[in-house]
Each structure stands twice: as C-alpha cells, then as structure tokens.
Amino acid sequence: MIASAIYTVLFYAIAAGTILLALAVVNTRKLLRAAVALMGALSTTAGLYAMLDAQFLAGVQVLVYVGGIVVLIVFAIMLTRSGELLEDNPTLKRKLVGAVISIGFLVSSVGAVWGSPFAIASAGKAPANDALMIGKALLDYGPGGFVVPFEVISLLLLAAMLGGIVIARKTPPTGQPFTSGGDLPGEAEVYHPLSQRDDETGGRAS
Amino acid sequence: MTATSLTYFAIAAAQGAFKNVTVSERTAQAFADGSWILAIVYIVVALGGLAALVTLSGLVLIYVERKLAAHFQCRLGPMRVGWHGIFQTVADAVKLLLKEDVIPEKADKAMHLLAPFLSMMATVMVLGVLPYSPILQITDINIGVLFVTAVSGFGVMGILLGGWSSNNKWSMVGAMRAGAQIISYEISATLALLVVVLFSGSLSLAEIVQSQDAGWWIWRANGVGFVSFIIFVIAVTAEINRTPFDIPEGESELAAGFHTEYSGLRFSFFFLAEFINMFVVSGMTATLFLGGWMPFHIGAWAGFNGFMDLIPPVLWFTGKTSVVIFLIMWFRWTFPRLRVDQLMYLEWKVLLPIGFVNLFAAAVVVLYNLYPFPILVP
Amino acid sequence: MTVRVRTLDELLTPPAAGSSALSTQEYFVNMGPQHPIAHGSLRLVLRLDGETVKEVIPVPGFVHRGIEKMCEKLNPRQIIHLTDRLDYLSAVMNNWGVAKAVEKAANIETNGRIETIRTLMSELQRIQSHMLWWGVLGMDLGAYTAFLYAFRDREIISELFEETIGARLTMNYVRPGGVMFDILPDFQEKVKKLLKYLGPIIDEYDTLLSGNVILQERLRNVGVLDGKKAVALGCTGPVLRASGVPLDLRKLTPYGRYGDVEFNVAVGSKGDCWDRYYTRMEEIRQSMRIIEQLIDSIPEGPVNVLRASARISIPEGTYYDQIETARGVLGVMLVSDGKSPSPYRVHFRSPNFNNLWAVTALAPGWRIADIITIQSSLDLVIPDIDR
Amino acid sequence: MNPLIAQIAAHSPGLRDWLALTSVIFSIGLYGLLTRRNAVGILMAVELMLNSAAMNFVIFNRFCLPARMDGSVMAIFVIAVAAAEVVVGMAIFVALYRYRGTVDVNQMNTMQDPVISIEGPGDFNREVMKNINKQYKSRHDH
C-alpha cells in the first residue's frame, strides 16, 4: 500500500518535472538553456524508465542521451554559433498554428487512448534481470529474437558515423578530387614551423 | 559502437547467486513491515552517511594530497593549523565558504549557478552505488557499472556549462578541451571495464566484487585483466582531469580553465568534486580490478586466508582505494602535462586499439575457457 | 532603388578560402599581464583560431622604470646598483658588464684575484639561473615538483652569495676596479662541497624531467628557430647557441679568466625547444667544469685596485663593451662628455629584449600550450626587457 | 491505514496515465518543431518526440507483455537511431553553417530560387530573372 502510494507520488512528480522541462526545451529563447532543459527532460525520462522496471534502459538512456547526444548538441550549438544569437521570437501566427496543431494532436491521441480497450496483463511484474533478457533478445533469432534488426542498426550507426565525417569535414582544395585529407585551401599560407624546417635548415649559419 | 557495447553489457549481465543486504533493501523491508520510524532512520543514515563521506573524503584527500606533494617535493607541507596541519583543509574550507561569490557581469547567471551542482551531482550519485563492504552499500542496482559510466555525463555537462556560461575565453577553451577529453577517454574506460564485466558476468557492482572471491581480476584474468587495469587507470585519470591530463584547467596555460571565473562556494564545489571524483574512480578501480572489499586469499592456505578474513572488509576497500589514489597523486607530482593533440593521439591511436584487442582477447578467453595459468583457488 | 542579387555562380561556389573551414572565428586573447605564464608582467596578445595560434604580439613595458635615464644622474659606482634590477637572475654578470665597460673607458687594470672571483661568482650565478629556469619550465609544463627541486638546490648557492655578498638576489658585487668584498676563508671549501653535491643532482634532474616521454614530446620539434633566423632576430645566449650558432663571448672574446680554463660551448643542432633545454642543461655542467678548474687557483692580491673614494673619470667619447650573461649578450654603451662624473647617456643592449621577439616568429601555427613551452624555453626575464 | 495514503495508492498510474504523459511530451515536441526556426532547436524538439515514442514501447511492454523484453529492445533501437540521426544532423548543420552562415531553416531556400532577395520594380525583377536563366542555360550547355 505504502509502496504503491510512493510510486504514485513519484510518478506524478517526475511526470510534472518532465513536462515542465519539455516546455522549457521548446520555449526558451537561449538555445543552450534549451539544451540543458533537454538534458533534464531526458534524465527524468530515464527515471520514468526505471519506474517501468526497465533499469537497463534507464542506464542506456542516461549514457547515450546525457553523455552523448546532449553534449553533441551543445557542441553543435557552439559550432553554429546558435548560442550567441538569440533565436527570433516566433511570430504570434506561428505560435498559434503550432499550438492548435499540437493541442489537436494531444486531444485526438488522448481521446484515442481513452477510447481503446487494451489487453492489460494481470500479473504485471517485470523479470528481475532485464539486462540479461535484453541481451538474449538482441542476439537471438527466430520468434522473439532481434538479431537481424540489431545488425542493421550496427550498419546504420557505421553509416551515420561515416556520413557525419564526410559531411562535416573541411572542404578539399578546389581542383582536387574529393578524396584528399581535406586540407584547408588557405592552409598553405599558414606558417607552420614543421614545414619550414625542411627547406631552411640547409642555410643555417654555423 | 553503441549497439556493440550495449550488447556486451547485456550478455555479461547474468544474475549472481549472492545478494548483499544494502541500505536501500533494508529500507524497503522496513516499509513493507510497516515500521515507518526504522525506514526513516535508514534513509537519514544513508543520506547523512553520504554527506559525511563527501565532506570527509574531500577534506582528507585534500590534506593527503598536500602532504604527499610536500613530501615528494622535499618539504613539509601544512604544519601550522593543528597537529601537522590536519585542520588546514578545514580552515581553507571555511575561508572558501566565507568568500564573496562573484558572478561575472556578462555571465549566463542561471547556467553559471547550475554548473557546479551538476558536476557535484555526477560524483555523489556514484558514491551511492559503490560497495564499501558486504553490508555497507547504499543501493545495489542491477546496472551498477552502466550507471557509473552513465552519470559521468552530468560531470561533462557541468564543466561545459561552467566554461560556457562564464563568458570568458580561457574558460571556454578549457570547457571545450574538457568536453573533448572526457568523452574520448570514457570510451577507453568503458572498454576496460567491459573486460571485467565479461569475466564476472554481471553489471552489479556487488556481484562483481563477489565474483572475485577466487582471485582479483587484475591477475586472475590472465594478463587481459592487467592490461585493462592499466588502460582503466590511465583513462580515469584523464576523465577526472588530473595531471598529466589536466589540460582543461592547466593553470600555466588557461589560468584555471573552466573554473577561472568561479569563486567562493561554487569554486569549492568544483574543487571538491575533483577530489571526490578521485575517490570515486579509485573506488571503482579497486572494486573492478582489485577485488573491492574482498580480502586477499591465496589458494588453499586456510590459515593465511582465515587471518586475512579477520581484517574488516571496509578496511580492505579503503586500503585498495588508497593505493590507487596514491598512484594517481604520484602521477600528478611527477609528470608534465600533455598537449591537447597528444592527448587525443594517446586515446584514439593507442588506448582505443589496445582496448578493442584486449576486449576481444577477453571474449576469447571467457568463451573457450582458456586459463593457461592455474587459478589459485581450486 | 537598391538591388541585391546573388548570381548563380556566387551561390554555387563556396565562400572564399579562409571561411570555408569550419567557419571558425579568429579571436584575440590577452595572455598576461595577469597570467601565470607572464612570469612578471609580460603581455602577449594572441590571435587564435580555436587552439591554434595565428599570431603573437608581445606588449612589453609594464615594469618600465627608466633605469637608463636614471643612470645619467649617477656616477659609475652608483650605476652598478641599478644593474642588478635588470636581469635579476644575472645580477653579478650585469654588474660586471657595467664595470667592464667603465674599466675599458677609464683604463683601469685589475688583477688576477679580482678576475678569478668575478668569474667564479658569474659561473655560480649562471648555474643558479639555469636551475631556476629548469624548475620554471617544469612548472609551466605542469610538473610542479621540478620547480621545488630546483629551488631546494638553488638555495645552497643563494646562501653562498649571502655569506659573501650580503644579498641573495639583488646582488651588487662587482664594481669598477674590483669587487665589493673579499671572499670568506671557507669559500673554496664550500664551493667544492657544492660541486660534489651538484653533480649527482643534475643527473637527478635528468632522471626527473629530461628523460620523461611527455616532456620530450612537448619539447622536440616544437618552436624550431633556425640559425639564420636567430641571427636575424638578434637572439643571443643559449637561444642562439641551441640553433647551432656557437656564439659565446666567453670563448670568442675571452674576458675574466675564461681564456685560462677549458670548457666547451654547448651548441644545439636543430633549434627546437628541446635543443634550448639541453643546451642549458649542458651549460650547467660546463659552468661546473669552469668552477672546478678555478676554485683551487685563486691568486693572492687586493680585491680592489682603486681606493673607495677615488674618482672615476671617463674621458669624452662613446664606449661599448659586452658580456655573456646567463641569457645572452649584455651590451653596455656609455657616452661621456668628459666633464660630469656621470655619463651623458647609457644604453643597455639586453639579451631578453631580442630573445622575446623570437616568440613572434616561433609561435604561429602551434597550439596555445606550445606558446608556454616556447616562451619558457626562451627563458625571459621581464624586468630586463622593460628596464 | 491512513486513508490519505490509501487514496493516493488508489490513483496508482495505469496504462492510460502513462500514455497520456507520452502524448503530452510528444505534442510539446510537435509544438517546438512547428515554432522553432533554428535547425538545432528543431532537432531538440524531434528528440523529445522520439523519446516519448520510445517510452510508449516500454509502457506497452510493461503493461501488456511483462514477461518479455520486446518493448525495451525497440526502445534501444530508437535510442540508437536517434544517436545516428543526431550525428548526421549535426554534421549537416555544421556543413550548412559553413556555406550559409546560418542554420535558420527559413533561409534554406536555395532549391526554390537562385535569387536571394530583390527589392525593386517588377520590370527589373524580370530582367534579373532573364539574366539568371541565361546563366543557367550557358552552364547547362557546357
């Protein structure tokens, strides 16, 4: 009974926190603050996962989102200098359109959820060690196995990594094929001591 | 990368037989029994213990570092406040608390205030899952190792935000260096830690300690463990920004790096977080590779083993942690600091390939049961 | 009517060369005068692209005291007392530089004892100065222990100075026509003990820092200053010698007792920071060699050939003399009108001022951290730059 | 037993409460997607939406199939895809920023018209368009 009450209070508290942080993500004008709010929202989501007895998933959520994606977003904000420029205030029209569409979606989806019957399992207790189960499921084949999607995801990640490198790297010098190391065109003008050494050591006074 | 490591986590996380009685379990039991007062006492004890641990380990480590540095450098260190200066750190802490908390005019105030707390939070959260002894652990979660790796992300964000919000170029450079460095070295640390997870077959820290009953992983894992121990120590030294990897705050280059603009209480938070971080990573190293609270046992020498069992587990844990802390401090007072590109070279071209090969070797050893050296315990 | 049209070509060709990288913005930062690397008050304005240094603009002048102007009101004996504040780590050598110029101008002959004591003190101070540099380099690179090791051993030499001269840092010892005080009876004994102690200590320095992989990585091939450029910049001292130019006034135009002793001039080959490091380490050893040869053969005689109240009159004319301090050539120019006891104009050619500008040539293309290494390897003393 | 506690316990969240929560987060993300103009801001809104969708998998898994892990596995896939998406997205934004100097999506209109902005009478406008079309043609002929 008490445990159930605590669970309930925790759920509503974390849910309220998540919603507030999510609102901050979309409404803050300073993008870096939005990123921090996003970090908060994703961490509270991890808390919600833990409440859903998906502990492993909660850990993964924090590891990937907070340690990786949010940091990447912060770097991107800094690289594209979005943090320095305040984002233009969206016009009232934009806000209205956005609000109408999103509230429309909310109403329809909540209505659908309330209106549909769900086959809720009675014995709702999750297995003790979800990490083991997830590992087995990911590398299993046949019914309940996800080995093929898993491999596809690995390929996707590899492709994403390569794509990221190719897209974001520096432009090659003009007139050269797109296979060189991607030197800056202007880099030849930069005085680099290492390159200087080769041609001038011969003339050293001694 | 992500998918692969997740799978390794998942495969390795098998259920152990032994279950520690942690503070959180006792609390839950007390709630179930309906004894409110006992449960609240447990919670208060846990929180108070955590607070005491944070404060004490911070104070002690700062004092130890100063004394150790002094003796490395042929001097005495603090000698005036209390016997051999033991209250010097307390005096310094009081001084820091009484100092004015300066926030730069053009700083992003909210972020500036938030950053030290994020940094501190990342550290304190890990303290809650470290097994200090079989009965002294605040909570043992199934995914302990994953949790420890995950929450260090908050530390990165704390440093990044602190550097960015100060609106100072030195801070910004320091923060960018810190971000790049911690994220890079986290990969190596995780690879090294996965070796232990592979051998012990669990992500729970208590079970990892329990799995080292027959010998600590640093030598029982046939060389693989030793290699990952070295990788892990190097990587965590980089993760907590200590020399030779202290480039985010390198005082001769960036004044003080990301915390240049911090003063008073907030500075002390960053400062304290650094030292508690050292305790945390040393505790993790001890837990993963040196057997945690597990006493030192040799094969079938019942007498020797019995004698070793007389030493309480907490002392074993503290002793092993101290050894690693000493090692990290020794690094600091001996090595010069690396340059930022050399740092990246070390991680991506040296540690990471070795880490991958090592992990593969560990998988082979575990899979085919290759134990060329006899295990000490029958 | 304003029309702003971008043609197709404009749109399809990427922006001009410089901006096609990660569109980074160059920025300026002030390194100093309140910065740990400033070693006093040097201001370096850095133009940076991320971590990469594009340009370094040194802005000296924060500790300018007008010493050259002050010298115009003082007689040659009094000038000595300002020279210890130039390069405070080569105080005795600065004294000697002025004394040497004055002696040349006023035709004063000194005796062997005076010259030997001057040489000994100079070499002791060269060792002390290079030790301090070694420690500070360690500290700048993050190895704080080196700093305290160096200071521990420097202390012994400082005490020796204190006993003889009465000061530890701002020493006024050499004066025209002699030295201020005679050495104490146990001076030779103490110096011999010091040499016996220093031998292993310098090896210990090598063990602690020189052999360290990280230090080698930080120093080797960083900030390469070739001989031609070094000469063009007017660099002197270990900075020039590390670039392969064996210019050492002690060997080239022997003064004091340098003509009588055997020693080698430490010369580098490449001119990188490592060469500058090792040149200085070698110079410590060579200085020890010089002291070893001289310490047992100090001739007898007075330590001052002039009476304390004797008037030193410099004939009308311009005089120049130079001396090798721990950081390079200190030139002293005196212009006298022949009437006033004080010179009409005094100018010091300070080694640090010229060495400073090597930073501008060396730093571009390297990282922020390398500025530290390069500046540290140049071994600058800021009060000598600003005077 | 304290009636208050009993009352709170009776409101223990069920499947519908959880789904309502994810709907709210999703619609907040949708609002951000529609109102934000900065590409990075839009990506953050998309992250929120992905996140709530992933949570739906876990919720259904927990309430409808508690003995299995399919929902968690799907959520992991979503997280992995989100990571891949962010990597490529960020790379694209950085590349865009390099060429255009902005990541404002309203200005990503090179596909619709080579002319960025023309302020002037209609005749002049038409002249300019003619010129540009000529350039197009000459390029094409080569």
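Every value quoted in this text rests on a predicted model; they were computed, and no experiment measured them. Lettering of chains follows the sequences in order, A, B, ..., and the numbering in each one begins at 1.
- If you measure heavy-atom distances from C/Asn212 to chain B, the contacts under 4.5 Å come from the side chain alone.
- At a threshold of 4.5 Å between non-hydrogen side-chain atoms, the residues B/Arg75 and C/Phe151 do not count as touching.
- In C/Tyr197, the OH atom is crowded: over 12 heavy atoms of neighbouring residues, nucleotides or ligands sit closer than 6.0 Å.
- With chain B as the partner, the residue from C/Ala146, C/Ala369, C/Gly138 showing the most heavy-atom pairs under 4.5 Å is C/Ala369.
- Of all non-hydrogen atoms in C/Phe28 and B/Lys169, the two that sit nearest each other are O-NZ, 2.7 Å.
- With B/Arg339 as reference, C/Val222 is the one residue of C/Ile214, C/Ile368, C/Val222 to meet the side-chain contact (heavy atoms from CB on, under 4.5 Å) rule.
- With contacts defined as side-chain heavy-atom distances shorter than 4.5 Å, the pair B/Leu338/C/Glu217 does not qualify.
- Proximity to chain B (any heavy atom under 4.5 Å) is shown, for C/Arg218, by both the backbone and the side chain.
- One distance of note links CH2 of B/Trp330 with OG1 of C/Thr145; it measures 12.0 Å at 0.5 Å rounding.
- Using a 30° and 60° split on the angle between ring planes, B/Trp333 and C/Tyr144 fall in the perpendicular class, above 60°.
- Using a 4.5 Å cut-off between heavy atoms, C/Ile371 makes no contact with chain B at all.
- In terms of heavy-atom pairs under 4.5 angstrom with chain B, the leader among C/Leu208, C/Asp140, C/Val213 is C/Asp140.
- Closest approach of B/Cys74 and C/Arg152 over heavy atoms only: SG-NH1, 3.0 Å.
- For C/Ile372, the part sitting under 4.5 Å from any heavy atom of chain B is the side chain, from C-beta outward, and nothing else.
- If you tally non-hydrogen atom pairs under 4.5 Å between each of B/Gln342, B/Arg177, B/Arg337 and chain C, the highest count goes to B/Arg337.
- Proximity to chain B (any heavy atom under 4.5 Å) is restricted, for C/Met139, to the backbone atoms N, CA, C and O.
- Other residues, nucleotides and ligands place more than 12 heavy atoms under 6.0 Å from the NZ atom of C/Lys192.
- The number of heavy-atom neighbours closer than 6.0 Å to CZ of C/Phe147, taken from other residues, nucleotides and ligands shown, is above 12.
- Open room surrounds CD on C/Gln34; 12 or fewer heavy atoms of other groups in view lie less than 6.0 Å from it.
- Taking chain B as the reference chain and counting heavy-atom pairs below 4.5 Å, the highest number among C/Leu215, C/Leu148, C/Val29 is found for C/Leu148.
- Counting heavy atoms of neighbouring residues, nucleotides and ligands inside a 6.0 Å radius, atom CZ of C/Phe62 exceeds 12 of them.
- Each of B/Ile247, B/Asp341, B/Val340 was scored for a side-chain contact (heavy atoms from CB on, under 4.5 Å) with C/Glu51, with one residue passing: B/Val340.
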